[in-house]
Amino acid sequence: MNAIHFFRKSTMKARSRVLSLRNASFLGFARSFNPSVFERKLCCKKKDFLLNFNQVTQSHHAYPFRFLCFQRVVNDTQKLHCLPSSSFVQSRAVSRPYDVSIEARVASTVRGLSTRGNDIDVTPLVVGGNVAVAEGENNVKKNGVSAKSEVEKEAWRLLKDAVVTYCGSPVGTVAANNPGDKQPLNYDQVFIRDFVPSALAFLLRGEGEIVENFLLHTLQLQSWEKTVDCYSPGQGLMPASFKVRTVPLEDNKFEEVLDPDFGESAIGRVAPVDSGLWWIILLRAYGKITGDYSLQERVDVQTGIRLILNLCLADGFDMFPSLLVTDGSCMIDRRMGIHGHPLEIQALFCSALRCSREILTANGSSKNLVSAINNRLSALSFHVREYYWVDMKKVNEIYRYKTEEYSMDATNKFNIYPEQIPSWLMDWIPEKGGYLLGNLQPAHMDFRFFTLGNLWSIVSSLGTPKQNEAILNLIEAKWDDIAGQMPFKICYPALENEEWRIITGSDPKNTPWSYHNGGSWPTLLWQFTLACIKMGRLELAQKAVSLAEKRLSIDRWPEYYDTRRGKFIGKQSRLYQTWTIAGFLTSKMMVENPQMASLLYWEEDYELLDICVCALNKSGRKNCSRGAAKSQILV
């Protein structure tokens, strides 16, 4: 009988926050514990695992053992641990032994945790051999993909070298892997957002093992304790990154543990809002590309999605459907004046909601959650399309705004002062083309062009089809500014002089045209390629890929480039940056096989715009302007 077995050690105090099964009904799951006595002995030596059961079990997989920790679904009164050690409390990490033997006595078995049958799924984390990246180093045509260039061969070799293993299994890629770097800081960790292009590169080559491992291990870390100055954020928060650490035990033995960072160690101590959103997006991509949807159907995965959504959909004081975040909570993880409702977060939020609609298991308890997702998607789509959009016509409209309007029918709903329009925008915005604002708040519009937010708005269909086309038209018209000599600018233009001093706090790393302040980031290549393929602009993607391919290998795969045109390698740029390498490889594969790219984007959903919670209002009070604006946003 298939089952997941937990080890209980009542003498240890768990550092993880756990969710009692008895109180898990709001997540839509029924739980029950069926006690059974099951004893086993585990011996783990280097890369060879030996599992001896006191009862005979069978496994038809390449790896005989998997041990999962479901802190989010176990009873809080039972202090459950994954292969505990003397260092477990300090590390706050999921652990499995390395060169160590541990006796594990299992007193209970969890049943009914799978949505696929009566018994729990025990498919191992590893469903295959080692990551076979080396196969991509030959010139043989594979899966319809043409022969690899020397640059691609080097990129695959570097990507393979960046793979992080945990007890013999691949679980991610480090942020940067420069052997000559004496101070790696946190670049030797596995970041959720950084791993996404690496994951897609592996998936597009038919190698899903590392991605499945990554998704499941980061899911286990989701419920670990997250505390800064005695305050803990919501349980659904995903870590920004994790590191595999080797912890010494007695008798010169060691074990490997996963040590997550939820922002406690980050610069500025900012929680990674985008991590959970990227995790859901990657989960969908895994199912779409591999055709294996069983991972999505697992009860722990379903629970993880719900916990993330509980954070995102929680009621607050905000009047807008957009997600309110602090500065530095996404790819731009330093102070850059993006606090509030940055476009990047809204685009990822939209994608995560659409992914969740597809992935969530349909049952009675998920009905309300799905309804909340639909309502939020509808309101978010309208809000961004109507109020974030900027083109020549809209700029002229803002230029003539009246202020201090007090009515339900106000034109200038956010009380934007025309003097906020920057002088550079008047001459910069083309006759044909437009883009979505970087941020929108009361009395504030951030007119900077943020590349990732606009590209992902295309991918997720947060923008209308015409808006999506206009964004690519603007990028093409302003190619020298946004792409330059190395695609693409993270934002345009850079903050300079007094504006830089006030907004960034005189950040020495975010000086004008460097790093997050107008620096050029090659990893944005894959999002651009995906957006171009969706909009039928493959030639534009090929142009960008060719431009990057000429320099990346010669420049040793930098993290970012500096100067207005991206001419020089960034002054503090890490070399052999993994998501630069993976972004290039993913772009190359999507250009060569556009049909695969179609699995990663969303088409327009016109039904969403017909959903309006205002129609349910019995007061009869006119509080929605969507009817008048619908003619503008549906085209």
Side-chain angles (χ1 to χ4, degrees), residues 281 284-285 288 321-322 343-355 357-358 373-374 376-395 397 429-438 440 449-479 482 488 524 526-544 590-591 594-612 625-635:
I281 293 168
R284 173 189 182 266
K288 285 284 187 178
S322 46
L343 178 64
E344 177 182 335
I345 290 293
Q346 312 318 319
L348 294 175
F349 184 33
C350 176
S351 288
L353 290 176
R354 296 196 65 171
C355 289
R357 284 205 309 170
E358 299 177 27
I373 291 173
N374 287 334
R376 190 63 169 265
L377 270 173
S378 176
L380 179 64
S381 297
F382 173 85
H383 183 78
V384 171
R385 294 176 176 194
E386 179 70 8
Y387 303 123
Y388 276 65
W389 181 249
V390 174
D391 56 10
M392 181 70 78
K393 178 182 177 182
K394 185 67 175 182
V395 172
E397 180 182 328
I429 195 163
E431 292 284 346
K432 293 183 179 180
Y435 66 100
L436 294 168
L437 291 168
L440 176 64
F449 177 87
F450 286 85
T451 303
L452 177 54
N454 275 275
L455 293 179
W456 209 255
S457 294
I458 297 174
V459 172
S460 63
S461 286
L462 182 57
T464 70
K466 282 191 175 181
Q467 288 173 348
N468 295 340
E469 187 65 39
I471 292 171
L472 291 183
N473 289 340
L474 179 138
I475 293 175
E476 186 175 28
K478 298 298 177 180
W479 188 262
I482 299 175
F488 286 94
L524 295 172
W526 75 268
Q527 289 102 331
F528 178 74
T529 301
L530 185 57
C532 287
I533 292 174
K534 176 184 175 179
M535 302 307 297
R537 302 289 295 276
L538 183 60
E539 75 290 344
L540 202 56
Q542 291 171 330
K543 178 181 178 181
M590 288 193 294
V591 166
Q595 291 78 13
M596 291 298 293
S598 65
L599 301 175
L600 301 175
Y601 58 73
W602 293 261
E603 297 293 351
E604 180 74 358
D605 187 349
Y606 292 100
E607 293 182 1
L608 280 177
L609 296 174
D610 292 329
I611 302 173
C612 181
S625 59
R626 290 175 57 161
K630 189 173 292 187
S631 61
Q632 302 176 35
I633 64 174
L634 282 177
V635 294

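What you see below is based on every heavy atom in this structure, not just the backbone, and it leaves out hydrogens, waters and symmetry mates. Please read these numbers as outputs of a predicted model, since none were measured by experiment.
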**Report entry** Heavy atoms of other groups near E431 CD, more than 12 under 6.0 Å
**Finding:** no

**Report entry** Heavy-atom side-chain contact between C355 and W602 under 4.5 Å
**Finding:** yes

**Report entry** Closest contact, heavy atoms only, G433 versus D391
**Finding:** O-CB, 3.5 Å

Report summary line: To the nearest 0.5 Å, atom OH of Y435 lies from atom CD1 of I471 at 11.0 Å

Query raised in the report: Is the closest side-chain heavy-atom distance between F528 and L540 below 4.5 Å?
Result: yes

Requested in this report: Taking the side chain as every heavy atom from C-beta outward, state whether W456 and I281 have any pair of such atoms under 4.5 Å apart.
Outcome: yes

Report summary line: Heavy atoms of L600 and A285 approach each other most closely as CD2-CB, 3.7 Å

Query raised in the report: Do you know which two heavy atoms are closest between A531 and I458, and how far apart they sit?
Result: CB-CG2, 3.8 Å

Report task. Answer yes or no: is there a side-chain heavy-atom contact under 4.5 Å between Q346 and L436? Result -> no

Query raised in the report: Are the side chains of E603 and K534 in touch, meaning some heavy atoms are under 4.5 Å apart?
Result: yes

**Report entry** Side-chain heavy atoms of R537 within contact of E476, under 4.5 Å
**Finding:** yes

Query raised in the report: Donor-acceptor pair, S381 side chain versus S378 backbone, under 3.5 Å?
Result: no

Query - Verdict with reasoning, V459 to Q527, per side-chain contact (heavy atoms from CB on, under 4.5 Å) - result: CA-CA 8 Å; V459 172; Q527 289 102 331; 5.7 Å; no

Query raised in the report: Are any of the side-chain heavy atoms of L474 and P430 separated by less than 4.5 Å?
Result: yes

Requested in this report: Rounded to the nearest 0.5 Å, what's the gap from CH2 on W389 to OG on S457? Could you check?
Outcome: 9.5 Å

Query raised in the report: Which atom names give the shortest non-hydrogen contact between R376 and L353, and what distance separates them?
Result: CG-CD1, 4.0 Å

Query raised in the report: Which heavy atom in P321 sits nearest to a heavy atom in F349, and how many Å separate them?
Result: O-CE2, 4.0 Å

Query raised in the report: Atom CG in L348, atom OG in S460: separation rounded to 0.5 Å?
Result: 8.0 Å

Query - Any side-chain heavy-atom pair of Y387 and F382 under 4.5 Å - result: yes

Query raised in the report: So how far is it from R357 CZ to R284 CZ, rounded to the nearest 0.5 Å?
Result: 11.0 Å

Query raised in the report: How many angstroms lie between atom CD of E344 and atom CG of L452, to the nearest 0.5 angstrom?
Result: 4.0 Å

Query raised in the report: Going through the distances and angles, do L472 and C532 end up as a side-chain contact (heavy atoms from CB on, under 4.5 Å)?
Result: CA-CA 8 Å; L472 291 183; C532 287; 4.2 Å; yes

Query raised in the report: So, for F488 and T451, which heavy atoms are closest and what is the spacing to 0.1 Å?
Result: CB-CG2, 4.1 Å

Report summary line: CZ (F449) and CD1 (I475) are apart, to the nearest 0.5 Å, by 4.0 Å

Query raised in the report: Is K394 paired with E397 through a side-chain N to carboxylate O contact shorter than 4.0 Å?
Result: yes

